[in-house]
Amino acid sequence: MLQIITDSASDITLKQAENMKIHIVPLSIRFPDGECPQEKDEDFLTFYRRLQEAEELPVTSQPSPEAYLTYYREAEKNGDDVLVLTLSSGLSGTINAAKIAEEICEYDRVFVVDTRQAILSQRIVVEYAVKLRDEGLKTEEIVENIEELRDRVVVCGVVDTLTYLKKGGRIPKSLAVLGNALQIKPVIILEDKILKTIGKVRGRKAGKKCLHQKFEESENDVDFQIYFGYTSDKEIVEEFMQETIEKYGLEAGRTKMYPVGGVIGTHVGTDCIAVAYVKKSSEK
């Protein structure tokens with residue numbers, strides 16, 4: 001049997017994880033007045049309320065090796081394989097904790113894979129692993145397929161305000177004030193394991209246009225769904241999802257919408273729009 005483990009940067013809730021028969025190792029999110037768990041949809045809403053009220057950004061911390069070690073030892077006891085799918089190593093040292101636990105355990109049926117993704121795109125990778133597991137593929141085959149898929153997954157979004165970049169010390173206060181006044185919105189993408197800015201636009205409408213332009217750059221793989229994400233305002237993304245469906249004639253059932261939790265939300269803030277999809281393989 002194969003045990004699949006991922007972390008809370010995937011924004012997969014504990015209930016969803018239970019249905020998928022996987023395990024979630026949490027990254028901690030701590031405000032000055034205490035931690036903010038990200039275990040269910042309501043927790044995401046609570047996080048953004050606290051984020052808006054806080055003068056300082058919360059601190060996010062990677063899991064300890066012990067969090068993984070418990071699962072590894074249980075799997076070894078049962079004779080199960082373990083597949084760990086971590087948040088991008090360019091964003092966090094989470095993968096290091098998983099590998100340290102592997103070294104401590106010395107169980108040779110543990111496979112740790114850097115998804116190179118986060119939030120919606122990490123979810124896509126995890127769900128694909130679950131699908132392959134349920135189809136009966138061997139662990140080594142699943143790893144091979146995941147390593148091929150992870151570089152075809154795209155996730156990008158529009159940051160609504162510069163306030164949180166300022167709070168995080170990434171831009172000066174004066175620039176944030178001016179940028180917000182001019183409705184400057186960075187367009188970001190997770191690429192080469194890290195978040196990059198691919199443009200700065202004025203207004204949400206221009207931001208959505210930029211996301212559509214990125215979507216058009218490569219043919220998407222119809223074997224995978226297209227996911228839309230929101231940080232605090234669901235209606236904004238519902239509208240963007242419907243616009244995208246109509247613009248590209250997407251088939252019913254190919255799109256889903258999920259909240260983006262606090263691991264990435266800490267840095268991008270409220271009212272963001274995100275979209276994730278899989279590029280078609282050159283071999284297809």
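The salt bridge (charged side-chain N to carboxylate O under 4.0 Å, His left out) test with E135 singles out one residue from R133, K138, K131, and that residue is K131. None of L149, N145, V143 except one satisfies the side chain to side chain contact (heavy atoms under 4.5 Å, CB included) rule with E147; the exception is V143. Partner of I226 under the side chain to side chain contact (heavy atoms under 4.5 Å, CB included) criterion, chosen from I124, L120, V275, V278: V275. Between D7 and the choices H23, Q62, Q122, the side chain to side chain donor-acceptor pair (under 3.5 Å) rule is met once, by Q122. When the options V59, L51, T60 are evaluated for a side chain to side chain contact (heavy atoms under 4.5 Å, CB included) with I29, the one that passes is T60.
For the pair M20/E127, a side-chain contact is recorded, criterion being any heavy-atom separation below 4.5 Å from C-beta on. Residues Y227 and R123 have side chains in contact (heavy-atom distance under 4.5 Å, counting atoms from C-beta outward). Using a 4.5 Å heavy-atom threshold, the side chains of R73 and C105 count as touching.
Looking at R49 and E53, a side-chain N of the basic residue comes within less than 4.0 Å of a carboxylate O on the acidic one, giving a salt bridge. Classification of D151 and R116 as a salt-bridged pair holds, one side-chain N sitting under 4.0 Å from a carboxylate O. Between D160 and R204, at least one side-chain nitrogen of the basic residue sits less than 4.0 Å from a carboxylate oxygen of the acidic one, meeting the salt-bridge criterion.
With hydrogens and angles disregarded, no donor-acceptor distance shorter than 3.5 Å links the side chain of T231 to the backbone of G265.
For D233, the side-chain contact (heavy atoms from CB on, under 4.5 Å) test picks out E235, I236, D271, with sequence neighbours left out.
Residues E238 and Q242 bring no donor and acceptor atom of their side chains to less than 3.5 Å of each other.
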Original post:
How far apart are the C-alpha atoms of Q213 and E217, what are their side-chain angles, what is the distance that settles it, and do they pass the side-chain hydrogen bond (donor to acceptor under 3.5 Å, both in side chains) test?
Top reply: CA-CA 7 Å; Q213 289 173 341; E217 285 183 5; over 6 Å; no
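The hydrophobic clustering, which links ILVMFWY residues whose side-chain heavy atoms are closer than 4.5 Å, places V112 and L132 apart.
Between H212 and F240, the ring-plane angle classifies as parallel under the 30° and 60° cut-offs.
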